[in-house]
Amino acid sequence: MEKLKETSRSKKQESIAPKMSGAQAVVYSLIQEGVDLIFGYPGGAIMPVYDALYDVEDKLKHILVRHEQGATHAAQGYARASGRVGVCLATSGPGATNLITGIADAQIDSTPMVCITGQVASSLLGTDAFQETDVIGISMPVTKWNFQVTRAEEIPQAIAKAFYIAKSGKPGPVLVDITKDAQFGTLDFKYKPFKGLRSYVPTPSLDFNKITAAAKMINAASRPLVLFGQGVILAEAEAEFKAFIEKADLPAAWTILGLSALDSDHYLNVGMLGMHGNYAPNKLTNKCDVLIAVGMRFDDRITGDLSRYAKQAKVIHLDIDPAEIDKNVKTDVAVLGDAKVSLEALTKCIEAKENKSWIHEFRKLEFEEYEVVINEELNPSVDELSMGEVIRSINDQTNGDSIIVTDVGQHQMVSCRYAKFKGSSKSMITSGGLGTMGFCLPAAIGAKMAVPNKQVIGIIGDGGFQMTIQELGTIFQTKIPVKIVVLNNEFLGMVRQWQELFFDKRYASTTMVNPDFQKIVEGYSIESRKVTDRRDLNGAVGEMLAHEGAYFLEVKVAKENNVFPMVPTGASVSEIRLK
């Protein structure tokens, strides 16, 4: 009887919600969501939350970045490498506005992220108070959802809703703005994760009539081509995708965000799409009879001139987001739903077949590209090092078993073209849709913290490196053993390439006069080396990979190398140039 009374008392105590401040509710809501790592920068309007963090350091680790933009990119890197929601924290005013670039990047690249900002007291809203900014209005176009909390009791539900929206369906960033009085207020804390929202359907139900229609089209095709993007990775549908293309012998080409969803050496992997993609998939897009797009959005860097894009082909589009259907390319059959489910159903309905003669057309063009472009990039006839040589050395010494994070520019395109991956689909992390210079260094920090047992290598240009160079301080403080490779051509290389090709070599404001990077990283106690001679490259890469802590490798590469192939702006993809 005594035991029964104790059990009854215990249950009764559990049902009584603990009283806590709004700031504590923020922290405990994150813990309830399984968050164990956040990136941020403190300030006046978010100080109560930081005070609450002080008491839970054993449960919720906070990484102090050196700029709020770094917090968003680190959260993106964490999310992309782990598949979990990335979380960042900032104060009001400039702290909040400094998040916007990273939020916009996450929105266009479908990265799940929850951003929490502090705000002035609700009584001061709209008064132009010190460090007051309408971050809700500013962030609305670049968030999946945002919400301003003005009362402490709203906090648990707002955060639960934020996590549900960020990670469900097509992922994306959300922002919760919390006034200072809400952080100081008290509430009876109860947390209940969201499992659904009225009128929000994150994953459309599969229409089996569409599956049948798509299968019929694929079965009748003699020149099919699959284009796949990050949707395969986000749906964790790599195995289903591989089974799909193998059953019907479908050549498959990838967007830069889809890279690593299929092993680089898979016989049906025909390369990279887009402006600096591989020759064969671009040329043959306008020769295929059925084009099957899986989890990609037909952006302009993939399609070139839309009026001349795949007009001869029937188009099948598999996507979770109805807004992507017919947005850029007219679809003959649209299959809405989660890619994992859609691909499994479609694979059951398609016929096993071979497309040897069609695949042979890809092989011929691949050989042509190798002879004109790839061989010279990987085996230069000049003394200057090429970017491709550096990527090849990394490939050879990691066996494709590393996470590559890139910045934006020529090095990004070269990394995507030549990096090799095997066995892990979350191995290439780059800024795709927004093309954010400065992305790499903080994103590599976040990725390494997400996957500490994997080698994480950031590939950065000398321009992008200096946009978020202050995050070396984050590496110094956390001792995170990330590897940094700066390919230094003393130019804003991609802009310079366009100036050479289309602006008569008028290099306006693209020459970089760089500091001594070795001295800078030495100030942060990061081991470093500089390579200017080809004979030293492999040894330096090996030294970097073997080093236990963070490592900075600068490689001086040719100043005026161009990235080819290239589809000129306004051209058709079939007009891709090899030189």
Side-chain angles (χ1 to χ4, degrees), residues 33-35 37-40 63 65 68-90 98-116 139 141-146 162-176 202 229-237 255-261 295-297 299 319-321 323-324 338-339 403-408 412 416 424-451 456 458 468:
E33 282 290 343
V35 177
L37 183 68
I38 61 176
F39 304 88
I63 302 300
V65 295
E68 291 88 356
Q69 182 179 342
T72 55
H73 294 327
Q76 286 178 274
Y78 178 90
R80 296 268 290 275
S82 67
R84 300 174 66 191
V85 177
V87 182
C88 59
L89 194 59
N98 282 342
L99 299 178
I100 297 299
T101 295
I103 293 172
D105 194 289
Q107 173 78 339
I108 200 165
D109 282 354
S110 302
T111 303
M113 187 162 70
V114 169
C115 304
I116 297 171
S139 66
V142 293
T143 50
K144 191 175 175 185
W145 179 72
N146 66 15
F163 273 87
Y164 174 70
I165 292 173
K167 64 189 175 183
S168 60
K170 183 178 180 177
V174 303
L175 183 142
V176 179
Q230 190 185 201
V232 174
I233 297 170
L234 293 173
E236 298 183 340
T255 70
I256 63 170
L257 294 184
L259 174 56
S260 79
M296 54 87 71
R297 57 188 178 83
D299 75 281
D319 208 282
I320 199 168
D321 185 1
E324 295 297 344
D338 182 275
I403 293 175
I404 300 290
V405 186
T406 84
D407 214 75
V408 172
Q412 176 191 34
C416 290
S424 176
S425 69
K426 296 181 178 70
S427 297
M428 170 54 83
I429 299 171
T430 192
S431 172
L434 198 63
T436 304
M437 290 180 68
F439 172 87
C440 178
L441 185 58
I445 293 169
K448 183 63 178 176
M449 290 186 163
V451 192
V456 174
T468 50

Counting C-beta onward and ignoring hydrogens, is there a side-chain heavy-atom pair between [X] and [Y] closer than 4.5 Å?
X: I233; Y: S260; value: yes
X: K144; Y: S168; value: yes
X: I116; Y: L89; value: yes
X: V405; Y: Q76; value: no
X: I404; Y: S427; value: no
X: V65; Y: P442; value: no

Would you say [X]'s side chain and [Y]'s backbone share a donor-acceptor pair under 3.5 angstrom?
X: Q69; Y: T101; value: no
X: K170; Y: D319; value: no
X: D109; Y: G432; value: yes
X: Q412; Y: S431; value: yes
X: D407; Y: G438; value: yes

Mind listing the closest non-hydrogen atom pair of [X] and [Y] along with its distance?
X: V35; Y: I38; answer: CG1-CG2, 3.7 Å
X: I108; Y: L434; answer: CG2-N, 3.4 Å
X: G231; Y: A339; answer: O-CB, 4.1 Å
X: V232; Y: A261; answer: CG1-CB, 4.1 Å
X: M113; Y: A75; answer: SD-CB, 3.7 Å
X: G435; Y: V408; answer: C-CG2, 3.5 Å

How long is the gap from [atom1] on [X] to [atom2] on [Y], to the nearest 0.5 Å?
X: R80; Y: K426; atom1: CZ; atom2: NZ; result: 11.0 Å
X: I100; Y: L175; atom1: CD1; atom2: CG; result: 7.0 Å
X: N146; Y: I103; atom1: CG; atom2: CD1; result: 9.0 Å
X: E236; Y: S425; atom1: CD; atom2: OG; result: 7.5 Å
X: T255; Y: D299; atom1: OG1; atom2: CG; result: 8.0 Å
X: L257; Y: S110; atom1: CG; atom2: OG; result: 8.5 Å

Going by the rule ring pair (Phe, Tyr, Trp, His ring centres under 6.0 Å), which residues pair with F439 if we only count those two or more places apart in sequence or in a different chain?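 So F439 forms a ring pair (Phe, Tyr, Trp, His ring centres under 6.0 Å) with H73.
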